[in-house]
Amino acid sequence: MIQLSSSGLPVRGSIQITGSKSESNRLLLLNQLYQNTLNIENLSNAEDTQLMQKALVTSDSLIDIHHAGTAMRFLTAYFAIQENKTVTLTGSDRMKQRPIQVLVEALRALGADISYLEKEGFPPLRISGKKLQQFSIVIPADVSSQYITALMLIGTQLEQGLTIELQGKIISKPYLLMSIKLMNKLGIDANIQNNTISIKPKKNIESRTIQVESDWSSASYYYSIVALSLNSEIQISTYYAASLQGDSALQALYRKHFGVDSTFDNGILHLKNNPNFELSEYVELDMNHTPDIAQTIAVTCVGKQLKCHLTGLETLKIKETDRLQALKNELEKLGAIVHITADSLRITGYREKFDEIPTFETYNDHRMAMCVAPLAVLHPIAIEHPEVVEKSYPDFWRDLMTLGFQLH
């Protein structure tokens, strides 16, 4: 457990965040598919990315990716096309509770040889790689974008490419667009029109250096810190106004609802309070395209004592934990009156002031630890199992101390 507090002074300083985990993992898989022709700069130092790197080059037949959900999805597709190679893909106890049936069934429909070793529909998986003979698939549009992206990435290696028909309303669409734009950068013909994704086959790509933009999800916690403080100013690198990452929507969300201005200067993102901003009493947002920053938004609302209604959160129940239930549990410690459904969170008011030093559980979820940390601007807090941040942002606590936070 740690106790986190702030000096009470305006938060000022500069930090460097490593590359986007989402971009890094996509590029690592593409690089492996194309025989290491890429020089990837500013790669994420997240544990998830390190596990992904190791799994892609190992000769072991048993691959344990621990809590790395993206790696589980991407590697399931990757090993399905590795001819004459059989692996067992497993993970943590929580990973064995996270569904993967939609992806497995899609790969089987393409001809893959995948079987469940324990509970039907869940890891661990036995995957015998083979040449896939089908080149089109129909999949529900309202599933995790990682399922769909996993199929897109291997589609480049199929003889006739891959056509993916998405049925219904697409969720987390920015992550699909990120995959398409990264593939286009490498000269791969990939596009989405309405609900149809088309990936053309490509045997080789040109050698090149590609820089990963820093992670916008990780930047969200600094937006929250500025929103909850006065006269604060934080610089973060390396970021660009034209981003591939859906979570760059933070700029507009925090400007409109919390008065945090974003400006860019040669790859440096500057965050500061807008002195003329007038706070509203209610925040209503559809987070369908940006579910990874929903926890940060909810905590910012509580810190500002705002009522809110966040929708489009159906994927949060199958993350590292049931994030909706976890948010309800922890925000109620702060006096918030919280109501959740299968895809939404509503804060309708506040009870008595919270305990002297509230202690937050983290549920083995990196984002639960980091989303509550900005509250230390207002009041000392305690956080259980702070080491969970290793999954996506290992330097988080060190960076907070750089900004003047005290950690015990």
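Computed from a predicted structure; not experimentally measured.
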**Study point:** Derivation of the side-chain hydrogen bond (donor to acceptor under 3.5 Å, both in side chains) call for Thr263 and His270
**Key:** CA-CA 5 Å; Thr263 56; His270 295 259; 5.0 Å; no
Practice item. Say whether, by atom type as modelled, one donor and one acceptor occur between the side chain of Lys130 and the main chain of Gly111 under 3.5 angstrom. Key: yes
Practice item. Verify side-chain hydrogen bond (donor to acceptor under 3.5 Å, both in side chains) between Gln325 and Asn329, making sure each step is shown before the conclusion. Key: CA-CA 6 Å; Gln325 187 60 55; Asn329 296 346; 2.9 Å; yes
Review point. What is the distance from atom CD of Gln134 to atom CG of Leu132, rounded to the nearest 0.5 Å?
Key: 9.0 Å
Exercise for review: Would you kindly say whether Asn25 and Thr49 are connected by a side-chain donor-acceptor distance under 3.5 Å?
Suggested key: yes
Check your understanding: Say you draw a straight line from CD of Glu47 to CD of Gln50; how long is it, rounded to the nearest 0.5 Å?
Key -> 7.0 Å
Practice item. Answer yes when Arg323 and Asp292 have at least one side-chain N-carboxylate O distance shorter than 4.0 Å, and no when they do not. Key: yes
Review point. Quick check: are there more than 12 heavy atoms from other residues, nucleotides or ligands sitting under 6.0 Å from NZ of Lys96?
Key: yes
Check your understanding: If every non-hydrogen atom of Lys202 is compared with every non-hydrogen atom of Gln157, which pair is closest and at what distance?
Key -> O-NE2, 4.0 Å
Review point. Does Trp397 use its side chain to pair, donor to acceptor, with the backbone of Leu407 at less than 3.5 Å?
Key: no
Check your understanding: Can a donor-acceptor pair be found between the side chains of Tyr223 and Ser262 at a distance below 3.5 Å?
Key -> yes
**Study point:** CD (Glu118) with more than 12 external heavy atoms under 6.0 Å
**Key:** yes
Practice item. Would you indicate whether the side-chain heavy atoms of Val283 and Thr300 approach each other to under 4.5 Å? Key: no
Review point. Where is the tightest heavy-atom contact between Ile139 and Ala106, given as atom of each residue plus distance?
Key: CD1-CB, 4.3 Å
Exercise for review: Might you confirm whether atom CG of Asp60 has over 12 heavy atoms from other residues, nucleotides or ligands at distances under 6.0 Å?
Suggested key: yes
Review point. For His309, what residues pass the side-chain contact (heavy atoms from CB on, under 4.5 Å) criterion, not counting sequence neighbours?
Key: Tyr282, Glu284, Thr311, Ser344, Arg346
Practice item. To the nearest 0.5 Å, tell me how far Asn288 CG sits from Ile170 CD1. Key: 9.5 Å
Review point. Within the side chain of Ser224, is there an N or O that forms a donor-acceptor pair under 3.5 Å with the backbone of Ser220?
Key: no
Point to revise | Polar side-chain atom of Asn274 near backbone of Asp261 as donor-acceptor pair, under 3.5 Å | key: no
Practice item. For Lys131, look at atom NZ and say whether over 12 heavy atoms of other residues, nucleotides or ligands are found less than 6.0 Å away. Key: no
Review point. Would you say Lys173 and Ile192 make side-chain contact, with heavy atoms under 4.5 Å?
Key: yes
Study note, to complete from the structure: Closest non-hydrogen contact found for Arg73 with Leu103 is O-CD2, 3.3 Å
Review point. What's the spacing between Ser5 OG and His379 NE2 if we round to 0.5 Å?
Key: 11.0 Å
Check your understanding: Going through the distances and angles, do Glu330 and Lys333 end up as a salt bridge (Lys or Arg N to Asp or Glu O under 4.0 Å)?
Key -> CA-CA 5 Å; Glu330 302 312 302; Lys333 294 177 180 177; 2.8 Å; yes
Practice item. Verify the neighbour count for atom NZ of Lys328: are there more than 12 heavy atoms of other residues, nucleotides or ligands below 6.0 Å? Key: yes
Review point. Judged by atom type as modelled, is there a donor-acceptor pair below 3.5 Å linking the side chain of Ser243 to the main-chain atoms of Tyr240?
Key: no
Review point. Between Lys21 and Asp48, does at least one N-O distance fall below 4.0 Å, as a salt bridge requires?
Key: yes
Point to revise | Minimal non-hydrogen separation, Ala241 against Gln251, with atom names | key: O-NE2, 4.3 Å
Exercise for review: List the atom of Pro123, the atom of Arg98, and the distance in Å for their closest heavy-atom pair.
Suggested key: CD-O, 3.4 Å
Review point. Are any non-hydrogen side-chain atoms of Leu327 and Ile340 less than 4.5 angstrom apart?
Key: no
Exercise for review: Tell me, with the steps shown, if Asp322 and Tyr363 meet side-chain contact (heavy atoms from CB on, under 4.5 Å).
Suggested key: CA-CA 9 Å; Asp322 179 343; Tyr363 306 85; over 6 Å; no
Exercise for review: Return yes if some donor-acceptor pair links the side-chain N/O of Glu390 with the main-chain N/O of Glu387 below 3.5 Å, else return no.
Suggested key: no
Review point. Is a donor on one side and an acceptor on the other found under 3.5 Å between the side chain of Asp215 and the backbone of Thr18?
Key: no
Exercise for review: Any chance you could measure Leu176, atom CG, to His289, atom NE2, to the nearest 0.5 Å?
Suggested key: 10.0 Å
Review point. What is the ring orientation for Phe396 with Tyr221, classed by angle as parallel under 30°, tilted 30 to 60°, or perpendicular over 60°?
Key: perpendicular
Point to revise | Stepwise side-chain hydrogen bond (donor to acceptor under 3.5 Å, both in side chains) test for Asn194 and Thr196 | key: CA-CA 6 Å; Asn194 299 320; Thr196 302; over 6 Å; no
Check your understanding: Got a second to check how far Asn39's CG is from Asn31's CG, nearest 0.5 Å?
Key -> 9.0 Å
Point to revise | Pair Thr70, Gln146: side-chain N/O donor-acceptor within cut-off below 3.5 Å | key: yes
Check your understanding: Looking at Glu105 and Arg108, does any basic side-chain N land under 4.0 Å from a carboxylate oxygen?
Key -> yes
Exercise for review: Kindly determine whether Ser198 and Thr163 satisfy side-chain hydrogen bond (donor to acceptor under 3.5 Å, both in side chains), including the steps that lead there.
Suggested key: CA-CA 5 Å; Ser198 175; Thr163 300; 4.7 Å; no
Review point. Is the backbone of Ser207 close enough, under 3.5 Å, to the side chain of Thr37 for a donor and an acceptor to pair up by distance?
Key: no
Review point. Is it the case that more than 12 heavy atoms not belonging to Arg126 sit under 6.0 Å from its CZ atom?
Key: no
Point to revise | Heavy-atom donor-acceptor pair, Thr76 side chain to Met72 backbone, under 3.5 Å | key: yes
Point to revise | Check: Glu361 side chain, Met368 main-chain N or O, donor-acceptor pair, under 3.5 Å | key: no
**Study point:** Minimum heavy-atom distance Ala141-Ile148, with the two atoms named
**Key:** O-CD1, 4.5 Å
